[in-house]
Undergrad: 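This structure is in structure tokens; I'll ask about it shortly.
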Amino acid sequence: MKKCLFCKIISNQAPSHKLWEDKDFLAFLDINPVNTGHTLLIPKKHIDDILDLEEPRYSNIFKTAKKLAKIIRIAMKSKRIGIGIEGLSVPHLHVHLIPVNKINDFDPNRAKKATQEELLEVAEKIKQKMNI
């Protein structure tokens, strides 16, 4: 989709702090993180709704989210990783991986714009833990 921000990120027409990618998926930092380390995992094929994602990509997005969540949890020293699935704020399916330590840490109303310097520092911290 030409106007989709995430499709532009996939095609390197829009900037992002990419953490990981393979032939089907891309993970990058959310520029308005709920918490430091807030990562978005998206399919490279434009899909609005998780229910439209065909197998085996449907299963694989969750397997990938689990792998990335473990890495993010270690890098951010969080108790858990909250996982949310949407496609409304940007009409492209995205899985939110949010480091959390207490129940209200998952509240999307807590999101704040991060600076490029903050995002770069967090991206490096997470990438240092990656062996996938």
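Keep in mind the model is a prediction, meaning the values are calculated, not measured. Only heavy atoms go into these numbers, but all of them, side chains included; no hydrogens, no water, no symmetry mates.
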Undergrad: Quick check against the 3.5 Å criterion: does Asn101 have a side-chain atom that pairs as donor or acceptor with the backbone of Lys79?
TA: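 Yes; judged by distance alone, with no hydrogens or angles, the pair exists.
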Undergrad: Given the rule that I, L, V, M, F, W and Y join up when any side-chain heavy atoms are under 4.5 Å apart, are Met76 and Leu29 in one cluster?
TA: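 In one cluster with Met76: Leu29, yes.
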Undergrad: Do the side chain of Lys45 and the main chain of Leu53 share a donor and acceptor less than 3.5 angstrom apart?
TA: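 Not confirmed, Lys45 side chain does not pair with Leu53 backbone.
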Undergrad: Please check if Leu19 and Ile81 belong to a single hydrophobic cluster, counting links between Ile, Leu, Val, Met, Phe, Trp and Tyr side chain heavy atoms closer than 4.5 Å.
TA: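 Same cluster.
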Undergrad: Is Ile85 reachable from Tyr58 through a run of I, L, V, M, F, W or Y residues, each pair having side-chain heavy atoms under 4.5 Å apart?
TA: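 Per the 4.5 Å side-chain linkage, Tyr58 and Ile85 are co-clustered.
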Undergrad: Which heavy atom of Phe25 sits nearest to which heavy atom of Pro43, and what is that distance?
TA: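 Shortest heavy-atom contact: CD2-CA, 3.6 Å.
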Undergrad: So Asn35 and Val100, do their side chains get closer than 4.5 Å, heavy atoms only?
TA: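 Counting from C-beta outward, Val100 and Asn35 do come under 4.5 Å.
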Undergrad: Report, as yes or no, whether the 6.0 Å neighbourhood of atom CD on Glu55 holds more than 12 heavy atoms from other residues, nucleotides or ligands.
TA: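 Enclosed: over 12 neighbouring heavy atoms sit under 6.0 Å from CD of Glu55.
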Undergrad: Hey, are the side chains of Thr64 and Val95 touching, using non-hydrogen atoms and a 4.5 Å cut-off?
TA: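 No - every pair of side-chain heavy atoms lies 4.5 Å or more apart.
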Undergrad: Heavy-atom count around Lys18 NZ within 6.0 Å, excluding the residue itself: above 12?
TA: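 Result for NZ/Lys18: enclosed.
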Undergrad: Quick check: are there more than 12 heavy atoms from other residues, nucleotides or ligands sitting under 6.0 Å from NZ of Lys70?
TA: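 No - once you tally the heavy atoms of other residues, nucleotides and ligands closer than 6.0 Å, there are 12 at most.
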Undergrad: Counting only heavy atoms not in Arg110, do more than 12 fall under 6.0 Å of its CZ?
TA: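 Yes - once you tally the heavy atoms of other residues, nucleotides and ligands closer than 6.0 Å, there are more than 12.
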Undergrad: Is it the case that the ring center of His96 lies less than 6.0 angstrom away from the ring center of His94?
TA: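 Distance test on ring centres: under 6.0 Å, yes.
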Undergrad: Should the heavy atoms of other residues, nucleotides or ligands under 6.0 Å from NZ of Lys125 be counted, would the total exceed 12?
TA: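 Open.
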Undergrad: Verify the cluster assignment for Phe62 and Trp20: are they in a single hydrophobic cluster under the rule of side-chain heavy atoms below 4.5 Å apart?
TA: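 Yes, one cluster joins them.
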Undergrad: For the side chain of His38 and the backbone of Ile31, is there at least one donor-acceptor N/O pair under 3.5 Å apart?
TA: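 No, His38 side chain to Ile31 backbone: no donor-acceptor pair under 3.5 Å.
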Undergrad: Using side-chain hydrogen bond (donor to acceptor under 3.5 Å, both in side chains) as the criterion, list what pairs up with Glu121, not counting sequence neighbours.
TA: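 Glu121 satisfies side-chain hydrogen bond (donor to acceptor under 3.5 Å, both in side chains) with no residue once adjacent residues are dropped.
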Undergrad: Applying a strict under-4.5 Å side-chain criterion to I, L, V, M, F, W and Y, I'd like to know whether Leu51 and Leu88 cluster together.
TA: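 They do not share one cluster, since no chain of ILVMFWY contacts under 4.5 Å joins Leu51 to Leu88.
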